[in-house]
Amino acid sequence: MSEHQEERDYDEFRVIEDLAGWRRTHHNNELTAANMDETVCLMGWVQFRRDHGGLIFLDLRDREGLTQVVFNPEDNAEVHERAHAIRPEYVIAIKGRVRPRPEGMANKNMVTGEVEIEVDEYKLLNTSDTPPFPIEDRVEVGENLRLKYRFLDLRRPSLAKNFIIRNKAAQSVRRYLDSLGFLEVETPVLTKSTPEGARDFLVPSRVNPGEFYALPQSPQLFKQMLMVSGMDRYFQIVKCFRDEDLRADRQPEFTQIDIEMSFIDEALIQDMAETMIKTLFRETIEVELPAEFPRMTFGDAMRDYGVDKPDLRFDLKLTEVTDIFADSGFKVFASSEMVKVMRVPDGASLSRKEIDEYTKFVEIYGSKGLAWIKIKEDGTWQSPIVKFFSEDEVAKLGERTGVQPGDILFFQAGPAVIANAALGNLRCSLAERLGLIEEGVFKPVWITDFPLLEYDVEEKRYVARHHPFTSAQPEQMATLASDPGNALARAYDMVINGHEVGGGSIRIHTPEQQKIMFAALGIDEEEAREKFGFLMDALKFGAPPHGGIAFGLDRLIMILTASKSIRDVIAFPKTQKATCLMTQAPSAVPGKQLRDLSIRLREKKKED
RNA sequence: GGAGCCGUAGUUAAGCUGGUUAUAACGCCGGCCUGUCACGCCGGAGGCCGCGAGUUCGAGUCUCGUCGGCUCCGCCA
């Protein structure tokens with residue numbers, strides 16, 4: 001008998017077996033004391049192995065959860081011997097008896113923690129290489145590795161959970177809309193390029209050399225066609241494609257819950273959409289949203305929050321003070337298009353270093369600086385700028401902001417666009433850093449009365465803020481041609497916690513009004529006919545009044561799952577450079593494929 | 001198009017003002033272990049410091065470039 005045994009090769013125990021008729025009886029989150037003494041068959045992946053030499057414990061994992069299984073040499077020596085070879089992520093099937101864990105050995109952290117499975121029979125269904133990263137939630141893994149091995153990343157419980165919720169959400173929406181008589185109708189993915197809006201993804205046509213389809217940015221015009229067709233109520237959970245730069249909440253392909261209804265007005269659509277979202281929250285994460293969502297005009301949102309998608313979970317507000325400083329001796333303020341201030345209660349404790357960081361933060365939005373006033377506990381104002389203010393200005397400022405000792409005021413002066421963006425985003429950043437946002441709180445709000453058009457400086461014309469098929473409000477339809485800048489749209493966005501989750505409008509449904517709209521956008525009749533001829537035709541043949549809304553499903557799931565990135569709610573997402581690290585898409589294609597499509601690649605210029 | 005952060009064993013990180021053989025934890029491999037549950041104990045293997053130039057007697061460390069990931073601005077009807 002040698003003191004040290006020879007090193008062992010376990011490969012003889014790693015023979016892969018066939019299921020041979022075995023049937024799984026339960027998922028790994030199901031078994032509790034209620035199943036005591038049942039004979040069960042479980043299958044899944046090995047999460048952890050705790051090999052005591054004698055007893056071997058395995059945590060068996062599937063989509064739903066974990067169950068502890070025990071190999072005991074006294075129960076079945078041959079099975080126990082083979083179990084030494086099991087490693088993490090091996091796929092196994094076991095048959096055994098459900099039994100209680102010994103006194104005091106229950107694991108309260110596991111749903112199945114009261115029981116364990118005493119293994120009688122065991123099959124190795126597949127082995128696994130050691131995974132490139134552990135399949136666990138508590139380990140933070142680099143995004144590049146996660147995306148390359150996405151199929152392993154998706155095994156992690158926290159990510160798998162997101163897709164269970166996503167499925168519940170999609171089913172909830174389908175049930176709800178079906179119950180109201182909506183028809184799910186599919187629309188083309190190979191369609192026509194839409195000139196307004198985002199960049200299109202193009203698909204070359206082999207049979208029509210030199211011509212291209214575009215992938216839809218949304219099924220907007222098709223759903224309007226379906227209303228003209230008399231479909232009455234349409235919906236679709238549908239992929240949309242926009243070739244723009246990515247963000248934490250933006251992917252080049254994303255999913256919309258697309259909805260359109262005939263014979264309706266804003267209130268009907270909003271009621272329907274509100275109930276849908278309330279039902280969705282209830283049926284996915286068991287949260288009751290407010291019975292009625294508050295409404296806020298675009299103008300009020302910009303005035304009080306600086307953005308058109310206010311986060312109402314905390315109540316910091318902006319105050320405009322342009323008028324107070326109109327004739328001020330402080331020329332920076334007096335000469336600015338807009339002077340706005342945000343009062344932060346108890347903000348006087350912020351350090352110079354922190355204020356410097358916020359100054360850098362607002363510079364991102366084009367701000368030239370961040371002026372501030374601290375109100376000390378004795379009521380005196382501490383600030384690099386207050387010495388330039390008159391007594392009257394100080395008094396008015398105090399009165400309008402309602403400032404209290406211990407507060408800080410942050411100022412932005414400059415173009416309205418920059419002042420609003422800087423303070424509006426600073427507001428959210430501050431709330432997060434100061435811990436003003438309570439977890440698990442959801443604050444929905446409707447934003448209404450958007451401007452119909454926006455002036456595009458680069459194109460030197462008005463462009464549609466929503467899209468060119470949005471109706472103006474009745475009072476402004478008549479003046480649209482003469483006063484396009486002041487027209488309000490029959491459009492509405494749903495915002496939850498500062499995220500725009502949905503938006504829609506009442507559409508134009510007569511050719512006359514559509515012509516006025518195109519004219520306001522600088523689209524002449526010839527161009528309109530070429531690009532939107534089918535729409536103009538359709539509107540001539542008895543288009544009913546109609547309108548709709550579209551929700552970003554991915555963003556909704558982000559909110560439901562508290563995900564920081566849209567990638568965590570999309571099974572196979574793309575990187576910020578719009579590549580897929582798993583498939584290596586996009587990639588070069590063989591020359592023959594290009595020739596079939598009548599495409600020749602341009603030589604890369606040296607200066608490129 | 002632009003700004004910022006990051007890139008060191010399989011993974012997550014440390015590595016100071018440039019200085020001997022690049023650390024740790026987890027994981028991996030082997031041994032021991034019958035109540036563990038992120039088991040424990042003993043031993044072992046494992047590195048193109050993203051890549052390329054440059055500065056220097058000497059670069060993981062400094063500079064420039066480049067590739068990749070992330071966050072943001074522009075863009076996203």
Side-chain angles (χ1 to χ4, degrees), chain A residues 2-10 47-59 66-75 80 84 87-89 101-110 112-113 116 129-149 194-199 217-218 220-221 240-252 254 360-367 418 421-422 425 429 450 452-454 456 458 462-470 489 491 500 503 505 521 550 552 564-565 567 574-577 579 581:
Chain A
S2 66
E3 201 176 331
H4 296 287
Q5 284 197 342
E6 271 178 40
E7 293 206 349
R8 189 154 191 184
D9 184 359
Y10 284 110
Q47 180 71 34
F48 295 114
R49 179 178 66 117
R50 294 178 291 278
D51 186 342
H52 290 225
L55 286 177
I56 299 172
F57 298 95
L58 298 183
D59 290 334
L66 294 172
T67 300
Q68 172 165 290
V69 302
V70 190
F71 294 80
N72 190 332
E74 290 167 10
D75 294 339
H80 173 265
H84 281 301
R87 294 292 179 271
E89 300 311 313
R101 296 195 187 182
E103 189 71 26
M105 293 294 159
N107 185 339
K108 293 182 207 93
N109 298 321
M110 290 172 79
T112 58
E116 61 190 10
D129 285 356
T130 301
F133 53 85
I135 312 300
E136 292 176 58
D137 287 334
R138 64 195 165 82
V139 182
E140 289 285 335
V141 183
E143 195 84 16
N144 46 357
L145 255 197
R146 290 180 55 196
L147 291 176
K148 180 175 178 191
Y149 295 98
T194 47
E196 303 279 304
R199 269 184 288 267
Q217 296 177 25
S218 80
Q220 180 59 37
L221 287 171
C240 303
F241 305 87
R242 293 177 194 175
D243 188 7
E244 296 293 348
D245 288 348
L246 285 73
R247 287 287 189 279
D249 63 351
R250 244 157 59 187
Q251 283 271 306
F254 60 98
K360 275 199 124 176
F361 177 84
V362 294
E363 280 168 7
I364 294 170
Y365 303 95
S367 168
I418 289 174
N425 287 289
S429 178
F450 284 90
L452 183 67
L453 306 168
E454 276 176 330
D456 187 312
E458 272 178 35
Y462 281 96
V463 296
R465 186 183 170 89
H466 189 57
H467 56 55
F469 321 112
T470 300
E500 182 201 325
S505 65
L521 294 171
K564 289 210 167 62
S565 166
R567 294 184 299 279
K574 297 194 168 46
T575 68
Q576 194 165 45
K577 283 194 72 191
T579 66
L581 296 180

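Proteins come first, then strands; the chains are lettered A, B, ... in the order of their sequence lines, and each starts at number 1. Quick caveat, the model's predicted, so the values are computed rather than measured.
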Short side-chain to backbone donor-acceptor contact, A:Glu89 and A:Thr130, under 3.5 Å: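 Such a contact is absent between A:Glu89 side chain and A:Thr130 backbone.
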Complementary nucleotide of [N], counting Watson-Crick and G-U pairs under 3.5 Å:
| N | result |
| --- | --- |
| B:rG40 | B:rC32 |
| B:rC16 | none |
| B:rC5 | B:rG69 |
| B:rC64 | B:rG52 |

Check whether any side-chain nitrogen or oxygen of [X] sits under 4.0 Å from OP1 or OP2 of [N], and answer yes or no.
| X | N | result |
| --- | --- | --- |
| A:Lys577 | B:rG69 | no |
| A:Arg50 | B:rU36 | no |
| A:Thr579 | B:rG69 | yes |

Separation between the [atom1] atoms of [N] and [M], rounded to whole Å:
| N | M | atom1 | value |
| --- | --- | --- | --- |
| B:rC70 | B:rG52 | P | 24 Å |
| B:rG60 | B:rU8 | C1' | 7 Å |
| B:rU71 | B:rG15 | P | 25 Å |

If you check every side-chain atom of A:Arg567, which of B:rC37, B:rG74, B:rU71 has the closest atom?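 Taking heavy atoms from C-beta onward, the closest nucleotide is B:rU71.
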What's the closest nucleotide to the A:Thr575 side chain, out of B:rG35, B:rC29, B:rG69?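 The nucleotide sitting nearest to the side chain is B:rG69.
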Check nucleotides 44-46 of chain B for protein N or O atoms closer than 3.5 Å to its own N or O atoms and list the pairs.
none

Taking 5.5 Å and 30° as the limits, would you call A:His52 and the base of B:rU36 a stacked pair? no
What does the B/S/- profile of nucleotides 6-12 of chain B look like, 5' to 3', with a 4.0 Å heavy-atom cutoff to protein? ----SSS
A:Arg199 charged N/C atom sitting above A:Phe241 aromatic ring, 6.0 Å / 45°: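 Because its charged atom misses either the 6.0 Å distance or the 45° angle limit, A:Arg199 does not stack over A:Phe241.
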